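In what follows, a single structure is set out as structure tokens and then discussed.
Just so you know, these numbers use all the heavy atoms, side chains as well, and skip hydrogens, waters and symmetry mates. It should be emphasised that the depicted structure is a prediction, and the values quoted were computed from it without experimental measurement.
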Amino acid sequence: MNNTKISPAEAIRELYTFPEKFMETALKCTTTGIEARIHDWFKKYPHGMFVTEIRFSEDYIRKNPTECFVRAMLTDASMCEGRGRDIFRGIPQAEREKFLREKIIDEYIVPEELRLSVPDLSEFIKLFTSYAEKNNIPADKRERQFYRNLSSDLPKADILEIGGRNENDHLYYVTKGNMVYIINFGEWNAETVRKNEE
């Protein structure tokens, strides 16, 4: 479905207002073959940080904000679950809705504190930079180039905070050009650490 008249933030808010629309979209789309990678920047407890980069076409991101968000979030959830990029791998069609409702939605899609707000850009960048620096990412040989590229994208990106577990936990959906970034950082306690390691 083409949503050219709906901004990404409006499209995402609509999905959370009408959760059945998220489910309907999820059951119709596929995440197979999406180009995506998770960057584990959780190097120094308790300053947790993960960034998932997902590549689509710029035209697709612009014209299909609803489906793009659903596919991106499902891809991220699938990778976090260790399922690769195909969220429905090995799950029969008849069992997919149950799988989403019982495993994916509450854990990865709907945070305990739903915010759906556009953050103050300077505050967001300050927080993002602070968490990255606490985990020594700017000096990490494997991650510093991606960190620099992402940092240069952020001031020109569309950013929406989805929410978090509490006031010290933040989940963001970011789009810039042909890229989607799902950025999650916060002060994570031992329970959160165990969950991320499972």
Side-chain angles (χ1 to χ4, degrees), residues 7-9 11-12 29-87 108-109 111 115-164 168-188 192 196:
S7 73
I12 293 166
C29 69
T30 179
T31 60
T32 305
I34 289 176
E35 186 179 342
R37 179 183 174 197
I38 291 180
H39 297 263
D40 179 353
W41 289 355
F42 192 2
K43 310 295 183 186
K44 188 175 181 182
Y45 175 87
H47 308 292
M49 192 169 198
F50 286 88
V51 177
T52 301
E53 59 170 327
I54 306 170
R55 188 181 304 274
F56 295 107
S57 74
E58 186 170 352
D59 191 58
Y60 174 78
I61 293 172
R62 188 181 74 255
K63 291 184 177 179
N64 300 278
T66 298
E67 185 181 278
C68 181
F69 175 78
V70 172
R71 292 178 75 202
M73 293 296 283
L74 291 180
T75 300
D76 179 60
S78 184
M79 293 171 69
C80 289
E81 281 286 299
R83 301 181 58 81
R85 293 164 182 78
D86 181 4
I87 188 72
Y108 296 101
I109 309 300
R115 300 183 188 120
L116 299 179
S117 59
V118 176
D120 177 86
L121 181 60
S122 62
E123 285 299 311
F124 167 75
I125 291 175
K126 183 178 176 181
L127 271 174
F128 171 82
T129 303
S130 172
Y131 273 88
E133 289 177 348
K134 286 173 182 174
N135 286 284
N136 202 34
I137 300 305
D140 187 310
K141 290 181 179 180
R142 292 174 297 180
E143 295 291 338
R144 62 189 177 197
Q145 189 57 54
F146 172 70
Y147 171 74
R148 289 171 186 161
N149 293 342
L150 176 55
S151 296
S152 68
D153 272 353
L154 291 178
K156 300 164 279 187
D158 289 316
I159 304 169
L160 185 73
E161 180 170 12
I162 305 303
N168 293 319
D169 186 46
H170 307 272
L171 174 66
Y172 298 91
Y173 179 77
V174 179
T175 59
K176 171 65 173 66
N178 64 345
M179 297 301 300
V180 170
Y181 302 105
I182 297 174
I183 300 174
N184 189 4
F185 55 75
E187 293 183 24
W188 296 344
T192 307
N196 285 332

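Rounding to the nearest 0.5 Å gives a distance of 9.0 Å between OG of Ser57 and NZ of Lys63. The distance from the CH2 atom of Trp41 to the CG atom of Asn136 is 12.0 Å, given to the nearest 0.5 Å. A distance of 12.0 Å separates CD of Glu143 from CZ of Arg148, quoted to the nearest 0.5 Å. With values rounded to the nearest 0.5 angstrom, Phe185 atom CZ is found 5.0 Å from Leu127 atom CG. Here the straight-line distance linking atom CG of Leu171 with atom CD of Glu161 works out to 8.0 Å at 0.5 Å rounding. With rounding to the nearest 0.5 Å, the separation of CD1 in Ile183 from CD in Glu53 is 11.0 Å.
Ring pair Phe42/Trp188 is perpendicular by interplanar angle, where above 60° counts as perpendicular and below 30° as parallel.
Inter-residue side-chain proximity for Ile137 and Lys43 is flagged as met; some heavy-atom pair is nearer than 4.5 Å. The shortest side-chain heavy-atom distance between Leu160 and Pro8 does not fall under the 4.5 Å cut-off. At least one side-chain heavy atom of Arg115 sits under 4.5 Å from a side-chain heavy atom of His170. No side-chain heavy atom of Asn178 sits under 4.5 Å from any side-chain heavy atom of Asp59. When side chains are defined from C-beta on, Phe124 counts as touching Leu154, because their heavy atoms get closer than 4.5 Å. Put simply, the side chain of Arg37 does not reach to within 4.5 Å of the side chain of Phe146, judged on heavy atoms. Under the 4.5 Å side-chain criterion, counting only non-hydrogen atoms from C-beta, Phe128 is not in contact with Val174.
Contact detail for Gly48 and Tyr131: the closest heavy-atom pair is O-CD2, 3.8 Å. Annotation for Pro138 and Ala132: closest pair CD-O, 3.6 Å, computed over non-hydrogen atoms. The two residues Ile61 and Gly177 make their nearest non-hydrogen contact at CD1-O, 3.5 Å. Ala72 and Ile54 get closest at one heavy-atom pair: O-CD1, 3.5 Å.
Judged by distance alone, with hydrogens and angles left aside, the side-chain atoms of Arg85 form a donor-acceptor pair with the main-chain N or O of Ile34 at under 3.5 Å. Remark: the backbone N or O of Lys44 is paired with a side-chain donor or acceptor of Asn135 at under 3.5 angstrom. Of the possible donor and acceptor atoms, one in the side chain of Thr129 sits under 3.5 Å from a partner among the backbone N and O of Ile125. No donor-acceptor distance shorter than 3.5 angstrom exists from the side chain of Asn64 to the backbone of Glu67, with no hydrogens or angles considered. At least one donor-acceptor pair under 3.5 Å links the side chain of Ser151 to the backbone N or O of Tyr147. In this structure, the side chain of Ser78 engages the main chain of Gly84 through a donor-acceptor pair within 3.5 Å. Between the Thr31 side chain and the Ile87 main chain, a donor and an acceptor come within less than 3.5 Å of each other.
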| request: Go through the steps to decide whether Tyr60 and Arg71 satisfy the test side chain to side chain contact (heavy atoms under 4.5 Å, CB included), and finish with yes or no. | output: CA-CA 12 Å; Tyr60 174 78; Arg71 292 178 75 202; 3.1 Å; yes
| query | Going through the distances and angles, do Ile182 and Ile162 end up as a side chain to side chain contact (heavy atoms under 4.5 Å, CB included)? | reply | CA-CA 10 Å; Ile182 297 174; Ile162 305 303; over 6 Å; no
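For Tyr181 and Tyr172, the ring centers sit 6.0 Å or farther from each other.
For Glu81, the salt bridge (Lys or Arg N to Asp or Glu O under 4.0 Å) partners at least two apart in sequence or on another chain are Lys103.
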